[in-house]
Amino acid sequence: MKKKLLFVSLLAAATMMVSATVSMASPVVIKFSHVVAENTPKGQMAVKFKELIDERLAGKVEVEVFPNSQLFGDNKVIEAMLLGDVQLAAPSLSKFNKYTDSLQIFDLPFLFKDMDAVEKFQKGAKGQELLMSMKNKGLIGLGYLHNGLKQLSASDKLVVPADAAKKKFRIMSSDVLEAQFHAIDAMPLKKPFSEVFTLLQTKAIDGQENTWSNIYSKKFYEVQPYITESNHGVLDYLVITSTEFWMGLPSDLRGEIKQALDEAIAFGNKVADEKSVSDRQQIIDSKRSEIVTLTDAQRELWVESMKPVWKKFEKEIGKEYIDAAIASNK
Ligand code: SIN
C-alpha cells in the first residue's frame, strides 16, 4: 500500500514537472491575420503590437502577423477566429454584417463630418457599447483603429451622382454600402479586398470606394484615372478576438496584452492621420490619377442622393446610435 502511494505521489510530481516544462516551453501564440499591406495604418499597428509583445512578454506570448490576406481574406477571418485558427484580426467595420446590425452605423454615408467626429463617437458611451455588440456570437471588440475617410475612384470622372449611374462599383460586404450605391442608381458588387486591383485592371468593374492609404498601397490609382475626393464615409476597423480565447487567458497576461494592444492602436491611429495626407500626395505626385475636387453645390448633390439610406437602416441600427453619432459632429 505504502509503495503504491509513493508511486502515485511520484507520478503526480512528475506530471506537474512535465506540465510546468510544457507551459514554459509553449508560449501563447497569437495569430494576427489581416488583408492590407504592411505600409498601412493596420499593417503598422500589427507590427507595433508584435514588437511590444516581443519586448515585454518574450517566452510567454508570441505574435505572428499575416498581412495581405496571406492567411485569411475578409470575412473568412471571422469564421477562422470562431474555430480558434486565428486569435486577432481587425476587419473593416463594414465586414460584420453577418454578426451584428448595429455596427452598420459606420457605413451610413455622410454621417461623420471628419475623423475627429468619428473618434469622439467611438470613445463615447454608445461607441464603447458597440465593442460588445457581437458578444453573443463569441466575438469581443478590443478597440477601434482608424484608417480614414473614403474616396470614390473610377474609370470616368465622377462629379455629380448621375455620373455614377449604371456603373459597377466594388463594395465591402455591407448592405448599407449596397444601398448607398443603389441610391445613386449604380451597381454595387460585394467582392473581397484581395480581388479589387484585378477587377479594376481588367475593367470588370468601373470603380470602388476606399481610403487614401488603401488606394495608394494597393496601387488602385495606377488603374483608376480619376479619384473624386468625396470623403463620403468612414473606413475604420474593429480589433477583435474570440471570447473563448480572450477569457481563457490568465488575467494578468490578458491585462498586459491589452495594454500593448492599446499602445499599438494609438500608434496605428497616428500612422492613419499621417497617411491620409502623405499617401494622397504620393498619388497626386504620381500623375497617374486626377483628383476631382467637388464644389459645395456638387457635394450637396451627393449628400442629398445618398442620405435617404439613413432612414432605411435606422431601425436595424438603432436611432440612439445614430443620434449619438450626429451629436459627435458638434
Ligand atoms: C481593409 O482596409 O482592411 C480593407 C478594406 C476593403 O476591403 O476595401
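One-based numbering, in listed order, for ligands and for the atoms of each.
When each atom of ligand 1 is checked for a heavy atom of Val35 under 4.0 Å away, the hits are 1 (C), 3 (O), 4 (C). Taking every non-hydrogen atom of Val36 and a distance limit under 4.0 Å, the qualifying atoms of ligand 1 come out as 1 (C), 2 (O), 3 (O). Counting the atoms of ligand 1 from 1 in the order shown, those under 4.0 Å from a heavy atom of Asn214 are 1 (C), 2 (O), 4 (C), 5 (C).
Counting protein heavy atoms only, atom 2 (O) of ligand 1 is closest to Tyr237 OH, 2.5 Å. Among protein heavy atoms, the minimum distance from atom 6 (C) of ligand 1 is reached at Phe193 CD1, 3.2 Å. With hydrogens left out, the protein atom closest to atom 3 (O) of ligand 1 is Lys42 NZ, 2.7 Å, a heavy atom.
Phe193 and Phe220 have perpendicular rings, their planes meeting at more than 60° on a 0 to 90° scale where under 30° would count as parallel. Taking the six-membered ring for Trp and thresholds of 30 and 60 degrees, Phe49 and Phe32 have ring planes more than 60 degrees apart, a perpendicular arrangement.
Lys319 has no carboxylate O lying under 4.0 Å from a charged side-chain N of Glu314, or vice versa, which leaves the two without a salt bridge.
Judged by the 6.0 Å and 45° rule, Lys137 forms no cation-pi pair with Tyr99. Under the 6.0 Å distance and 45° angle rule, Lys126 counts as a cation-pi partner of Tyr321.
Around atom 4 (C) of ligand 1, the closest heavy atom drawn from Lys95, Lys191, Met172, His34 belongs to Lys95. Between the choices Gln208, Glu195, Arg170, the shortest heavy-atom distance to atom 8 (O) of ligand 1 belongs to Arg170.
Heavy-atom neighbours of Met247 CE from other residues, nucleotides or ligands within 6.0 Å: at or below the threshold of 12.
In Asn210, the part holding a heavy atom less than 4.0 Å from any atom of ligand 1 is the side chain.
Considering all non-hydrogen atoms of both residues, Leu111 and Asn329 come closest at O-ND2, 2.9 Å.
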